[in-house]
Structures are given as C-alpha cells and as structure tokens.
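In what follows, a structure is listed as structure tokens, so that the remarks can point back to it.
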Protein chains: 2
Amino acid sequence: MSGEDNLLRLVEAEEADENNYHLQDQVGFILRKAHQRHVSIFASHIADLTPPQFAALAKLYDIGETSQNQLGTLIAMDAATVKGVIDRLKARGLVEVSKHEVDKRRLLVNLTPEGREAIERLIPLARAITEETLAPLTTKEAATFLRLLAKLA
Amino acid sequence: MSGEDNLLRLVEAEEADENNYHLQDQVGFILRKAHQRHVSIFASHIADLTPPQFAALAKLYDIGETSQNQLGTLIAMDAATVKGVIDRLKARGLVEVSKHEVDKRRLLVNLTPEGREAIERLIPLARAITEETLAPLTTKEAATFLRLLAKLA
DNA sequence: CTGATATCATTTGCATACGAATGAATTTGA
DNA sequence: TCAAATTCATTCGTATGCAAATGATATCAG
C-alpha cells in the first residue's frame, strides 16, 4: 500500500466522521436519557408524587406561602404547567389556595398540615433518590458533574 | 463568647444544613432545567420539528428501515410514545410505514425522500444546537461533562 | 403438535410542558 | 390622571412520556 493510499484513507475517514451524525453522542439526547433515568429512580422511591409535584411541595416548605406565579418561577415551570400541578396537589389536600388581599390578581398557595407532613416524610427519600441517581459516579465525579450541569441549567 | 458557644453554633449549623433541603441543589431538579434549556435552544434553531421527532429521523437516516419498536428502543422511547411521534411524522410525509412480510406483528418505518432531504438539511443545525447548549462550558469542561453525563444516562 | 409464553403494536388515562390567546387587575409614564 | 404597558392567572391546543390493558402474532417447551 502506498503512502498516497494511506493519506486518502485518512482524508476519507475524516470526511466520514464529519458527515456522520451520531445521535447517541449529542448532549441533548443524552440529557433526555439521563432525565428519564432520574424520573424512573424517583418513581421507584416515591410512587404517589411526581418530581414536579414534589418540587412544588419542597419549595413551599422552604419559603412558605407564595403566589402561584412566583412558585412557578422558583421551580422552573411556566404558568400553565404550574396551574395543573397545584390543581392536583389541591385536589389531594396537600396545598390550599387563597386570594391575595391587596393584589387581587394573585393566587396565594400554601402547604396544608397534610402537605407539611408529607414533605417532611419525603425529604429523606429524596436524598436517597439523589444518591442513587449519582451512584454511577465517584464522589469527586459527582461534584464535578453537578458544577458543570449547573452551568448549563 | 465561650468555646462551648462556638461548639453549639457549629452543631446547630450542621444540623440546620442536614435538615435543610435545597431543591435547587438536587441533581434531578438541575437535570430537568438543563433539559428544558436544551429544548428551548433546539426550538430556536429548528422550529418545525421537536427533538424526539428529529431523533427519529436522524436514527432512520443512520440505520435505514426498521420496526417501530426497534426504533423506539434506539431513541429511548416506549412503544406508546414512539407511535405518536411516527404518526405525526407520517402525517407530514417525512416517514412511511409498511408491514413486515414475514413477521406480521411488525410495522416497518422508513424515511421518505422528503424525510431524507429534511434530515440532511437539519443535521448542520443540530450541530449548532449542540454547540450552543454546551457554550457555557470550555471545550475541556464539555468533554468532561459529556463523559460523566453518559455514565448517568 | 399445542398450550404457555413472549413480542409487537395499539389504545386509554394521566401528568408534564409550552406557545398563544384572553381577561382581570395593577403599575407606569407622559 | 389616565391611557398604555405590564403582570397574574386561566384556557386551549399540541406534543411528549409512561403505566396498564388488550389483541394479534410468533416462539418455545413438553
């Protein structure tokens, strides 16, 4: 085989690599799969609540009563989505809503005693979920990953 | 202030830290936000297709005709989800389906010429999407991030 | 060969997720 | 002050995403 042949092969290989699009290497696709895996782990530990519902309860537990819109901002949900989440939590008696006395546009949301009891019971499970999600990484890798992930989010 | 006071404060701080659950530090929550950001970037570059629809086209372009179920496995979608995605791509003339000659359970899916033209046109945009998604990271950080993310997915 | 098991696809029901449109209430600015 | 712009919430439409049930077909085991 001549040197020219080798060069030709190399050039063709580079072109093939450039022209080839591998879905499984794209950050968006892997991000979607990692998210799916996390949701699955979450469901295996906490069967009666979804991650968004848990997020709403956890944030209300953290900051106390707030408006539906503000809550949505804090847990990264748009107005339409947060409404559905709050409606379902309300139907289950975990949160209660009331009108803001001064600003009549606002809908205040707060935990009920049942909601408070629920989130206090679930937080230890949530810690286990985080741990299991990160289990494929070493402690050091997990710290690096979280740092970089936060830069992307 | 006595040494005992300092010790008490330290113990209280540690307890507070243990008892405090910060949603915004949990891998699941950040993963969800990073995924949201990616979808948003995707939509800003490719308005007429969703990431799952793009994934289906890209995989069919890569491997050629396959069954609906097999395609679902390759792009990480369950049977119910992939059916909806394929139905919509079919309605737009980007894929076509046919029955497997031997195994009558299987539904074969393939790109149409329009689908092939579309995915060839979109792949350069997809590269830009990946690049923009990873833009907050340096090249080295991005490589590290992708390696760790893949371990989680 | 045939009954049990497994696979492929579909359907239903529920839960995010978001764009766009709408209406009510508030704030701003000329 | 008052019209314009903004904010808060709701509704509608579309698109994942998954569990569970169902039906059709194929494979396996005795």
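Protein chains get the first letters and strands the later ones, always in sequence-line order, with residue 1 at the start of each. Note that the structure is a prediction, hence the values are computed from the model and not measured.
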- Item | Sub-4.0 Å heavy-atom contacts from residues 83-100 of chain B onto DNA chain C, ordered by number | B:K83
- Message: For B:T130 and A:Q26: C-alpha separation, side-chain torsions, deciding distance, then whether side chain to side chain donor-acceptor pair (under 3.5 Å) applies.
- Response: CA-CA 6 Å; B:T130 291; A:Q26 305 304 308; 2.7 Å; yes
- Task: May I ask you to check whether B:F54 and B:Y61 place their ring centres under 6.0 Å from each other?
- Result: no
- Query: From the list C:dA17, C:dT26, D:dG17, which nucleotide is the closest neighbour of the side chain of A:K104?
  - Reply: C:dT26
- Message: Heavy atoms within less than 4.0 Å of DNA chain C: which residues of residues 34-44 of chain A have one? Give them sorted by number.
- Response: none
- Message: From CG of A:D103 over to C1' of C:dT26, roughly how many Å is that when rounded to an integer?
- Response: 6 Å
- Task: State the OG1-CG distance between B:T66 and B:N110, to the nearest 0.5 angstrom.
- Result: 9.5 Å
- Any idea which of C:dA9, C:dA25, D:dA9 is nearest the B:Q68 side chain? C:dA9
- What's the shortest heavy-atom distance between A:L94 and A:A118, and which atoms? CD2-CB, 4.2 Å
- Message: Within this structure, what is the CG-CG distance for the pair B:L122 and B:D48, rounded to the nearest 0.5 Å?
- Response: 6.5 Å
- Measure from the side chain of A:Q53, starting at C-beta and using heavy atoms only, and say which of C:dT16, D:dA9, D:dT25 lies closest. C:dT16
- Query: Quick one: the side chain of A:R105 and the base of C:dT26, do they pair up donor-acceptor inside 3.5 Å?
  - Reply: no
- Query: How long is the span from the NE2 atom in A:H45 to the CD atom in A:E131, to the nearest 0.5 Å?
  - Reply: 9.0 Å
- Closest to the B:T50 side chain, choosing from C:dA9, D:dT10, D:dA15: D:dA15
- Report the distance from atom NE2 of B:H38 to atom CG of B:L134, rounding to the nearest 0.5 Å. 9.5 Å
- Message: Near DNA chain D, counting only heavy atoms under 4.0 Å, which residues of residues 71-81 of chain A show up?
- Response: A:A79, A:A80
- Message: In whole Å, I'd like the distance from the CG atom of A:L31 to the P atom of D:dG17.
- Response: 12 Å
- For the pair B:E114 and B:R92, find out whether any cationic side-chain nitrogen is under 4.0 Å from an anionic carboxylate oxygen. no
- 5' precedence on DNA chain C between B:R32 and B:S67 (nearest-nucleotide basis): B:S67
- So what does A:V82 touch, heavy atoms closer than 4.0 Å: a base, only the sugar-phosphate, or nothing? nothing
- Task: Compare the minimum distances between each of D:dT10, C:dC8, D:dT6 and the side chain of A:L107, then state the nucleotide with the smallest one.
- Result: D:dT10
- Task: Specify the separation, in whole Å, of atom NZ of B:K33 and atom P of C:dT16.
- Result: 18 Å
- Query: Which atom names give the shortest non-hydrogen contact between A:K33 and B:A76, and what distance separates them?
  - Reply: CD-CB, 3.6 Å
- Which heavy-atom pair separates B:N20 from A:R127 by the least distance, and what is that distance? O-NH2, 3.7 Å
- Message: Rounded at 0.5 Å granularity, tell me how far OG1 in B:T144 sits from CZ in A:R147.
- Response: 8.5 Å
